[in-house]
2 protein chains.
Amino acid sequence: MSPRSSDGPSGGSSRGSRASGRPTLAELARIAGVSPITASRALRGVASVDPDLARRVREAAAALNYVANPAARTLASAHSDAVAVLIPSLSNLLFIDTLEAIHDVLMPRGLEVLIGNFHYSPEEEEKLVRNYLAYQPRGILLTGLEQTPATRSLLKASGIPVVYMMELSREAGLHCVGFSQEESGAAVARHLLARGRRHLAYVAAQLDPRALERGLGFQRVLAAEREVRPPVWLSVPEPSSVALGGELFVRLLEAYPDIDGIFFCNDDLAQGAIFEATRRQVPIPGRVAVVGFNDLPLSAHMAPRLTSIRTPRAKVGEAAARRLVALMEGDCRAEPAIDLGFELVERESS
Amino acid sequence: MSPRSSDGPSGGSSRGSRASGRPTLAELARIAGVSPITASRALRGVASVDPDLARRVREAAAALNYVANPAARTLASAHSDAVAVLIPSLSNLLFIDTLEAIHDVLMPRGLEVLIGNFHYSPEEEEKLVRNYLAYQPRGILLTGLEQTPATRSLLKASGIPVVYMMELSREAGLHCVGFSQEESGAAVARHLLARGRRHLAYVAAQLDPRALERGLGFQRVLAAEREVRPPVWLSVPEPSSVALGGELFVRLLEAYPDIDGIFFCNDDLAQGAIFEATRRQVPIPGRVAVVGFNDLPLSAHMAPRLTSIRTPRAKVGEAAARRLVALMEGDCRAEPAIDLGFELVERESS
DNA sequence: CTGAAAGCGCTTACAG
DNA sequence: CTGAAAGCGCTTACAG
């Protein structure tokens, strides 16, 4: 029988009205017959505690259903067990895969994951960082390298470990996990050239820094080819969607009827283009080749199947979380930049 | 100039080594020339504080870049500013839409959102609840009604407001926001009957309680029709995916060549079926009608466009969060159950 | 290996 | 409308 069942949920008469109603470390310690400090140490598995005492503490904790009060722990130790993760969008499957991988690394280690969505806005990101810093997290995971100067200095002043995801930086001491966005764009250009395409276009919506880099890599390769026309660049500010992909596809082909290869900045747009082409009976890849980016689950199954760049988004999350844990444990000898590469998956659409 | 720039990030000599290095309420109060309690009240906007003093406090806070320590606040007040949200899956777009809507309601009110993924396991859900309860959240948002008895009693003992999402319950005093899963399945059955279909099937993967209810509603309507064969029920335990939808579609038609209408428990499966049908040149809806569930963004754009049940998932999140806020503020007079309905969107596939 | 004392930075409850 | 005192439940730093 736990003391709770006899005391009632609102606590015994010895507890003040501000008590949380849950067992405290002091109660646990009393039941285990040790001091609170020893109980604390036993529960955290730190320092040297007599194995026998530690067992008694663990047993009492199990009997009481004791869970330490994280607020008290954070206040006393000046750091929480949280890790803040900032991503630019929740509705993009890309980041969900990354998030799940992060969860899988951090949760088993008893770390709480605080998720912040900054909607592709560095200013919003700054606000979130300011707010999360108050929680004294053990580490922070950031997406991209486009932070405001204030965000960077806030982070530096805090001394909290930070790992940047999705892009590679050469800045000294910056821990980052990702792949070369620029190179992936270049790979698509080379692929379309190898397929005999000469009249190319890059199509993007809501151009974020990474999509921009991909476009630049695409342009770079094409510019090096003397007998190839510079690519058409179609970029609109609206958020990306399947519907928009169809519209942009139609607009592009109306304006440039001889286009024979399109690199869409993501799979959503490319999928929309393929649906629209199917509906209008525009042969793909016969009339025009289509390449996407991210290799979403659906892309391998549509008709025609979509050629795309497979990004290591789950691996990025996992590696970034692991690196963060290493940094939290004071282990920072490894190479700061981790390049996980990408893969061009050639399918029917190109 | 903030005191920080002269003191340095690790704090002045008056601060002990355990100090967090950030300005405290006491410092803020000293600068504003008031007592800490008054500063606290001014910042929280509670009780009656002289407007002039309040302004001084706010100015000092802005100058210092003061953000209250949430751990101290939680410890002192016995409740945090967090709301825990438990969802069965992160990789399902359905719940992402709900989450975003929840965020949009809660964040502007200064509430932190803790996201827990219980992977469709009530046991895991129980662990998460136990853990999140330690954080003393202001409220909890749950998905579905399949909690373990321990979860229910944990929740009841905590006294923390809870709102259940996605399903409707008649249990007295249970606040829930959703729609009738059973009715939505019935609506699909009626739709297919109206389209002249007589040989029907229900196909599901990783049957969760809600998909089960939909199947039962589907069966109920068909059972009432004397001249209609009872539907085929194909359910597999694997997680749902586009690829699996294609496989199940093929398996089903091989086993039952005369099937002329299929209700898939979600759009992912239905989309996979349509892709596979296109590839095998099985006419849809000519040979077989296909209906999905959820109306994912892509469903309106594929070829043929997918008939589906549009679920109010964002609205569920918004209404649930609003109801939770009302409960947190002690306002619980409203009807506990909120039925947001659903809509059958008839498109080309049926 | 163990513990008594102090303190983390706030808010509550009580006085005035 | 304002404040001095006490305390939330832990961990740190020191001593033994």
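Order of the sequence lines fixes the chain letters, A, B, ..., with proteins taken first and strands second; residue numbering starts at 1 for each chain.
Here C:dC8 presents its C1' atom at 13 Å from CD of B:Glu27, a figure rounded to the nearest Å. Atom CG in B:Asp52 sits about 13 Å away from atom P in D:dC1, given to the nearest Å. In this structure, B:Leu133 places its CG atom 15 Å from P of D:dG9, rounding to the nearest Å. Atom CD in A:Gln136 sits about 14 Å away from atom P in D:dT11, given to the nearest Å. The separation between A:Ile37 atom CD1 and D:dA15 atom P is 16 Å, rounded to whole Å. The distance between atom CG of B:Leu53 and atom C1' of D:dC1, rounded to the nearest whole Å, is 9 Å. Distance B:Leu64 CG to C:dG9 P: 14 Å, rounded to the nearest Å. Atom CZ of B:Arg73 is separated from atom C1' of D:dC10 by 20 Å (rounded to the nearest Å).
Sequence neighbours left out, not one pair with a member in residues 154-164 of chain B passes salt bridge (Lys or Arg N to Asp or Glu O under 4.0 Å).
Each of C:dC10, C:dT12, D:dT11 was ranked by its minimum atom distance to the side chain of B:Ser77; first place goes to C:dT12. Nearest to the side-chain atoms of B:Ala76 among the listed nucleotides C:dC1, D:dC10, C:dG9 stands C:dG9. Of the candidate nucleotides D:dC1, C:dC8, C:dG3, C:dG3 has the atom lying nearest to any side-chain atom of A:Thr38.
In terms of the side-chain hydrogen bond (donor to acceptor under 3.5 Å, both in side chains) criterion, B:His103 has no residue partners (sequence neighbours excluded). Shown here are the side-chain hydrogen bond (donor to acceptor under 3.5 Å, both in side chains) partners of B:Glu167, two or more places apart in sequence or in another chain: B:Arg210. In this structure, the side-chain hydrogen bond (donor to acceptor under 3.5 Å, both in side chains) partners of B:Asn65, at least two apart in sequence or on a different chain, are A:Arg130. Applying the side-chain hydrogen bond (donor to acceptor under 3.5 Å, both in side chains) rule to A:Ser169 yields no partners; only residues at least two apart in sequence or on another chain are considered.
Residue B:Tyr135 places none of its side-chain N or O atoms closer than 4.0 Å to OP1 or OP2 of D:dG9.
Under the 4.0 Å criterion applied to side-chain N and carboxylate O atoms, A:Arg152 and A:Glu171 are assigned as salt-bridge partners.
When the nearest nucleotides of DNA chain C are assigned to B:Arg44 and B:Ala72 by heavy-atom distance, the more 5′-ward of the two goes with B:Ala72.
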statement: Under the rule of Watson-Crick or G-U wobble with both distances under 3.5 Å, where | means paired to another strand and [ ] a crossing pair, DNA chain D maps to |||.||||||||.|||
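One donor-acceptor pair, N or O on each side, does fall under 3.5 Å between the base of D:dG3 and the side chain of B:Arg41.
With 3.5 Å as the limit, one finds a donor-acceptor pair spanning the side chains of B:Tyr135 and A:Glu112.
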